[in-house]
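Taking it in order: structure first as structure tokens, then the write-up.
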Amino acid sequence: MDRDRAERILALARAIPEGFVTTYGDLSPGAPRLAGTVLAAAPDGSVPWHRVVRADGSLAQGERQRRLLEGEGVPFVTSGVAGRRPRVEMEIAHIPREALIDAR
DNA sequence: CGGATGACGCAGT
DNA sequence: TACTGCGCCATCC
């Protein structure tokens, strides 16, 4: 049953467990931008968009996203230096694509 | 219908 | 680590 790309992306995103994150690249290998486009179009509440971060752990939705993630206990690495953006500790909170497919 | 655009990723500098 | 350039692909104009 080949669902179109958008549906596959949403299905994987919905499989991300609370407290963990995955990346745009995991949701859509080869066309990561598409993942962002799809999440942006998805109706609010239909998908945990805040659990999707960039490959390096940085956030695409700034402060709003940071709050939601910290609320779920996602670990962050912030350098003490001011001016630097917070990044998720990928080594600990990142769920790889394969794991999402299994849990699917 | 060609070109610009984006919630990206990666290699090179 | 930061910045740049280029590839990706569905949408918009």
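It should be emphasised that the depicted structure is a prediction, and the values quoted were computed from it without experimental measurement. Residue numbers begin at 1 in each chain, while the letters A, B, ... track the order of the sequences.
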Taking salt bridge (Lys or Arg N to Asp or Glu O under 4.0 Å) as the definition, give me every residue that meets it alongside E7(A), ordered by chain and number, with sequence neighbours left out. none
For E91(A), all residues meeting salt bridge (Lys or Arg N to Asp or Glu O under 4.0 Å), sequence neighbours excluded: none
For [X], side chain to side chain donor-acceptor pair (under 3.5 Å) partners two or more places apart:
X: T23(A); result: D26(A)
X: R64(A); result: Q61(A)
X: E63(A); result: R66(A)

Ranking T37(A) and G30(A) by the position along DNA chain C of their nearest nucleotide, the one closer to 5' is G30(A)
Closest to the 5' end of DNA chain C, once R5(A) and R87(A) are matched to their nearest nucleotides, is R87(A)
Hey, does L34(A) reach any base, or is it just sugar-phosphate, or nothing, if we go heavy atoms under 4.0 Å? sugar-phosphate
Could you list where the contact with chain A starts and ends along DNA chain C, reading 5' to 3', using a 4.0 Å heavy-atom cut-off? dT1(C) to dA10(C)
In whole angstroms, the gap separating P of dA7(B) from CD1 of I16(A) amounts to 18 Å
Can you measure Q61(A) atom CD to dG6(B) atom C1' for me and round it to whole angstrom units? 11 Å
Show me the pairs that pass salt bridge (Lys or Arg N to Asp or Glu O under 4.0 Å) and involve residues 39-61 of chain A, at least two apart or across chains. R51(A)-E72(A)
Nearest non-hydrogen partners of A35(A) and S28(A), listed with the distance: CB-CB, 4.1 Å
Which ILVMFWY residues can you reach from L59(A) by hopping between side chains whose heavy atoms are under 4.5 Å apart? V21(A), V53(A), L69(A), V74(A), F76(A), V88(A), M90(A)
Pairwise N/O distances under 3.5 Å, protein to nucleotides 9-13 of chain B:
from, atom 1, to, atom 2, distance (Å)
dG9(B), OP1, G25(A), N, 3.2
dG9(B), OP1, A55(A), N, 3.4
dG9(B), OP2, A55(A), N, 3.0

